[in-house]
There are 2 protein chains.
Amino acid sequence: MSVTASPDVNRVMCPSRLILEHVTSRWGVLVLAALLERSYRFSELRREVGGVSEKMLAQTLRTLERDGFVHRDARPVIPPRVDYTLTELGREAAEQVWGLARWTERRLDAVFLAREEYDKARTP
Amino acid sequence: MSVTASPDVNRVMCPSRLILEHVTSRWGVLVLAALLERSYRFSELRREVGGVSEKMLAQTLRTLERDGFVHRDARPVIPPRVDYTLTELGREAAEQVWGLARWTERRLDAVFLAREEYDKARTP
DNA sequence: CAGCATCCCTGATGATACTG
DNA sequence: CAGTATCATCAGGGATGCTG
């Protein structure tokens, strides 16, 4: 951060906290990551993400769509076909969280090591 | 999933998901952001973050300490004095989430605009 | 197929009181 | 000061059933 003045953490975070929670939510992260690769239909995405209920996937997609991250393309055919795609804004968001995810992945070992030491230190 | 070729989202995300949730949690983000600037004592940090209960701050700090992000320096004095500082690993984590937070902040307008349109479109 | 509505339950969070 | 312990609350998330 700008190490200089007092960035008043809360002032910066409060307005964007809800959005942050949307993109970093359990399913939000996975949906954005999946869509970063390509567009998906609803059921396809559900299989791709794995473990998500219909309700949560629908809710997540609605939230992301409302925030302008995801474009919903519903075609008037029988049976219904709905494709979900990242918008440009969504692609930026997805790249950010994907970056964070990859950093976490890279440093996994360090975290596990730290945990081991932490636990060992207080279980004599 | 894993049916697909490329970035197998779940394989990458699953192990690190818990860590991701720690650093992107409501208070985790704010604590990391605050500590990015300088070290803090417990009560200081509580005031700086604002709105966090003692319980949640303690819990958040313990989690971050266990993951190796935060160093806890408890001095044996009366009254007690405990300083919290980012480790190198923690600084990396903090910079990642702070980057994400700033991106969110930068694109706030775009998100609000998208929401307005979304809401307007279905409240005729 | 792509959802929405409903019920239900657990775990996360907050308020309060107490301790070393 | 720096927490821990306890209790109450409440929203997130899953399971199920129904519709266009």
Side-chain angles (χ1 to χ4, degrees), chain A residues 10 13-14 17-32 34-35 39-67 70-85 118 121-123, chain B residues 10 13-14 17-31 34-35 39-67 70-85 118-119 121-123:
Chain A
N10 264 312
M13 297 303 307
C14 283
R17 190 177 306 175
L18 283 178
I19 301 170
L20 202 62
E21 284 178 2
H22 293 169
V23 301
T24 64
S25 71
R26 177 169 171 71
W27 304 119
V29 175
L30 296 176
V31 166
L32 289 175
L35 291 178
S39 294
Y40 280 96
R41 299 181 58 176
F42 186 85
S43 297
E44 253 183 348
L45 193 52
R46 189 152 130 70
R47 277 189 298 275
E48 173 71 14
V49 168
V52 62
S53 65
E54 287 182 358
K55 176 188 164 186
M56 288 316 298
L57 181 57
Q59 192 177 111
T60 301
L61 285 169
R62 240 183 298 118
T63 302
L64 293 178
E65 188 197 355
R66 192 172 104 96
D67 285 350
V70 164
H71 173 69
R72 181 176 184 277
D73 181 25
R75 305 195 177 186
V77 297
I78 305 278
R81 178 190 177 99
V82 181
D83 289 273
Y84 291 94
T85 312
Y118 181 94
R122 51 220 83 200
T123 326
Chain B
N10 263 314
M13 298 302 307
C14 283
R17 192 179 304 176
L18 282 178
I19 302 170
L20 201 62
E21 285 178 0
H22 292 169
V23 301
T24 63
S25 70
R26 177 169 173 72
W27 303 120
V29 175
L30 297 176
V31 166
L35 290 177
S39 294
Y40 280 96
R41 300 179 59 176
F42 186 85
S43 297
E44 254 183 348
L45 192 53
R46 190 153 128 70
R47 277 189 298 276
E48 173 70 15
V49 168
V52 62
S53 66
E54 288 182 356
K55 178 187 162 187
M56 288 315 297
L57 181 57
Q59 192 177 110
T60 300
L61 284 169
R62 240 182 297 118
T63 303
L64 294 177
E65 188 197 355
R66 191 171 106 96
D67 284 350
V70 164
H71 173 68
R72 181 177 183 275
D73 181 25
R75 305 195 178 186
V77 296
I78 306 281
R81 179 191 176 97
V82 181
D83 289 272
Y84 290 94
T85 312
Y118 182 94
D119 293 341
R122 52 219 83 201
T123 327

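All figures in this text were calculated on a predicted structure; none of them were measured in a lab. A note on names: the letters A, B, ... follow the listed sequences, proteins ahead of strands, and every chain is numbered from 1.
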- DNA chain D nearest-nucleotide lookup for A:S25 and A:P80: closer to the 5′ end is A:S25
- Item | Among C:dG3, C:dG14, D:dG14, the one nearest B:W27 by side-chain distance | C:dG14
- Note on the structure: note: A:R47, atom CZ; C:dA2, atom P; distance rounded to Å ~ 8 Å
- Rounding to 0.5 Å, atoms CD (A:E54) and OG (A:S43) come to a distance of 7.0 Å
- Whole-Å distance, B:L45 CG to D:dA2 P, equals 10 Å
- Side chains of A:E48 and A:L30: does their closest heavy-atom pair fall under 4.5 Å? no
- Nucleotide of C:dT13, C:dA2, C:dG20 approaching A:F42 most closely (side-chain heavy atoms): C:dA2
- Message: Could you measure the distance from the OG1 atom of B:T85 to the CZ atom of B:R72? Nearest 0.5 Å is fine.
- Response: 11.5 Å
- Pairwise distance CZ(A:R66) to NE2(A:H22) - rounded to 0.5 angstrom: 8.0 Å
- Task: For B:M56 and D:dT6, give me the distance from atom CE to atom C1', rounded to whole Å.
- Result: 16 Å
- Message: With a 4.0 Å limit, can you tell me whether B:S43 has a side-chain N or O closer than that to the phosphate oxygens OP1/OP2 of D:dC1?
- Response: no
- Does some side-chain heavy atom of A:Y40 sit less than 4.5 Å from a side-chain heavy atom of A:R47? no
- Examine C:dA15: is either OP1 or OP2 under 4.0 Å from a nitrogen or oxygen in the side chain of B:S53? Give yes or no. no
- Query: Is the distance from OP1 or OP2 of D:dA2 to the nearest side-chain N or O of B:Y40 less than 4.0 Å?
  - Reply: no
- Task: Return the angle between end axes of the helix from C:dC1-D:dG20 to C:dG20-D:dC1, with five pairs used per end and rounding to 10°.
- Result: 50°
- Item | Nearest-Å distance for atom pair CG/P, residues A:L18 and D:dG12 | 11 Å
- Output yes when at least one side-chain N/O atom of A:R81 is less than 4.0 Å from OP1 or OP2 of D:dG20, else no. no
- Query: What's the closest nucleotide to the B:K55 side chain, out of D:dC1, C:dA15, C:dC7?
  - Reply: C:dA15
- Item | B:R72 vs D:dG3: side-chain N/O to OP1/OP2 distance below 4.0 Å | yes
- Message: What is the separation between atom CD on A:Q59 and atom P on C:dG3, rounded to the nearest whole Å?
- Response: 14 Å
- Message: Do B:V31 and B:L57 have side chains that approach each other closer than 4.5 Å (heavy atoms only, starting at C-beta)?
- Response: yes
- Message: By nearest atom, which of the nucleotides C:dC4, D:dA2, C:dA2 is closest to the B:R41 side chain?
- Response: D:dA2
- Protein-nucleotide distance (A:D73, atom CG; C:dA2, atom C1'), rounded to Å: 14 Å
- The reported gap from NZ in A:K55 to CH2 in A:W27 (rounded to nearest 0.5 angstrom) is 13.0 Å
- Message: Assuming nearest nucleotide by heavy-atom distance, tell me which of A:P79 and A:A58 is located more 5' along DNA chain C.
- Response: A:P79
- Given D:dT4, is OP1 or OP2 found less than 4.0 Å from the side-chain N or O atoms of B:R62? yes
- Euclidean distance, atom CG of residue A:D83 to atom P of C:dG3 [Å, nearest integer]: 10 Å
- Message: Under 6.0 Å from the ring centre and within 45 degrees of the ring axis: does the NZ or CZ of A:R46 meet both conditions for the six-membered ring of A:F42?
- Response: no
- Give the rounded distance in Å between these two atoms: CD of A:E54 and C1' of C:dC1. 9 Å
